[in-house]
Amino acid sequence: FDTDSDNMVTHYEFKVALRALGFELKKSQIGRILAEYNIKQDEGLITFDDFNEIVTQLVLERDPCEEMVRAFKLFDDDSSGKITFRNLKKISAELGEGLADNDLRAMIDEFDKDGDGAINLEEFLSIMSADTE
C-alpha cells in the first residue's frame with residue numbers, strides 16, 4: 001500500500017488499503033481515526049506503526065458472523081442464496097486449484113443438509129463454525 005516505499009502512507013493510500021482489506025469506512029469514520037492519531041486528514045502521513053495499530057484494531061472489532069456472511073457472498077457470486085456446483089467450480093478455477101468435478105460434488109454432498117444439491121447460508125455457517133477437534 002506504500003506506493004513510494006517510504007514506510008509511510010498518505011491519506012489516499014490509507015483509504016485504498018482499508019478498502020482492499022475489506023473495510024468500507026465513511027469519510028467521517030476515517031477522519032475520526034486519523035484525528036485520534038493527530039494526523040491531518042488530507043495532508044498528513046501515517047507511519048507504518050500507526051497503520052499497523054489502526055488496522056489491527058479494526059480487525060479485532062470485526063464481527064466473525066458478518067465475516068462468514070461476507071465469505072458466503074464471495075462464493076455465491078450469482079446472488080442465488082446458495083453455493084452451487086457451478087459457483088464452486090468457478091472459484092476453484094479462479095484460485096488455480098483445478099479440483100476435479102467429483103471432488104467439488106463431494107464437498108457439496110457432504111455439507112448439503114437439506115438435499116437440494118447446494119450449500120445455503122445456514123449450511124455454510126455450520127461448516128465455518130464447526131468445532132475442529
* Asked: Under 3.5 Å, is there a donor-acceptor pair between the side chain of S129 and the main chain of L125?
  -> yes
* Structure fact -> Taken to the nearest 0.5 Å, the spacing of I83 CD1 from M107 CE works out to 10.0 Å
* Report yes or no: do F48 and F23 belong to one cluster of Ile/Leu/Val/Met/Phe/Trp/Tyr joined by side chain heavy-atom distances under 4.5 Å? => no
* Asked: What distance do N52 atom CG and I46 atom CD1 have between them, rounded to the nearest 0.5 Å?
  -> 12.5 Å
* For the residue pair I39 and L45, establish whether any side-chain heavy-atom pair is separated by less than 4.5 Å. => no
* Asked: Do you see a donor-acceptor pair shorter than 3.5 Å between the side chains of N120 and D114?
  -> yes
* pair D77-R86: side-chain heavy atoms closer than 4.5 Å -> yes
* Side-chain donor-acceptor contact under 3.5 Å, D78 with S80 -> yes
* Enclosure of R62 CZ (heavy-atom neighbours >12, cutoff 6.0 Å) -> yes
* Please answer: with hydrophobic residues joined when any side-chain heavy atoms are less than 4.5 Å apart, are L95 and I108 in the same cluster? => yes
* Asked: Between the side chain of E67 and the main-chain N/O of P64, is any donor-acceptor distance below 3.5 Å?
  -> no
* Asked: Is there side-chain contact between L58 and L25, with heavy atoms separated by less than 4.5 Å?
  -> yes
* Structure fact -> In this structure, CG of D50 is separated from CE of M8 (nearest 0.5 Å) by 8.5 Å
* Asked: Yes or no on side chain to side chain contact (heavy atoms under 4.5 Å, CB included) for L18 and V55, after CA distance, side-chain angles and deciding distance?
  -> CA-CA 8 Å; L18 291 179; V55 171; 4.2 Å; yes
* Asked: CD/E97 to CD1/I91 distance, rounded to the nearest 0.5 angstrom?
  -> 11.5 Å
* So does F75 have more than 12 non-hydrogen atoms from other groups sitting under 6.0 Å from CZ? -> no
* Ignoring hydrogens and angles, tell me if any N or O in the side chain of T84 forms a donor-acceptor pair with the backbone of A118 under 3.5 Å. => no
* Run the numbers on L21 and V59 for side chain to side chain contact (heavy atoms under 4.5 Å, CB included), then give the verdict. => CA-CA 9 Å; L21 294 168; V59 167; over 6 Å; no
* Would a distance-only check, ignoring hydrogens and angles, find a side-chain to backbone donor-acceptor pair under 3.5 Å from D112 to G117? -> yes
* Residue pair I30, H11: steps toward the side chain to side chain contact (heavy atoms under 4.5 Å, CB included) verdict -> CA-CA 9 Å; I30 292 173; H11 175 258; 4.0 Å; yes
* Structure fact -> In terms of heavy-atom contacts, F124 and M68 come closest through CE2-O, 3.3 Å
* Asked: Distance from K113 atom NZ to I127 atom CD1, nearest 0.5 Å?
  -> 8.0 Å
* Asked: Does atom OH of Y37 have more than 12 heavy-atom neighbours, drawn from other residues, nucleotides or ligands, at distances under 6.0 Å?
  -> yes
* Do other residues, nucleotides or ligands put more than 12 heavy atoms under 6.0 Å from the CD atom of E122? -> no
* Using distance alone, with no hydrogens and no angle criterion, decide if E53 and Q57 have a side-chain donor and acceptor under 3.5 Å apart. => no
* Quick one: CZ on R32 to NZ on K26, what's the gap to the nearest 0.5 Å? -> 9.5 Å
* **Whether F14 and F51 hold their rings parallel, tilted or perpendicular, with breakpoints at 30° and 60°** => perpendicular
* With a 4.0 Å cut-off, would you call D76 and K82 a salt bridge? -> no
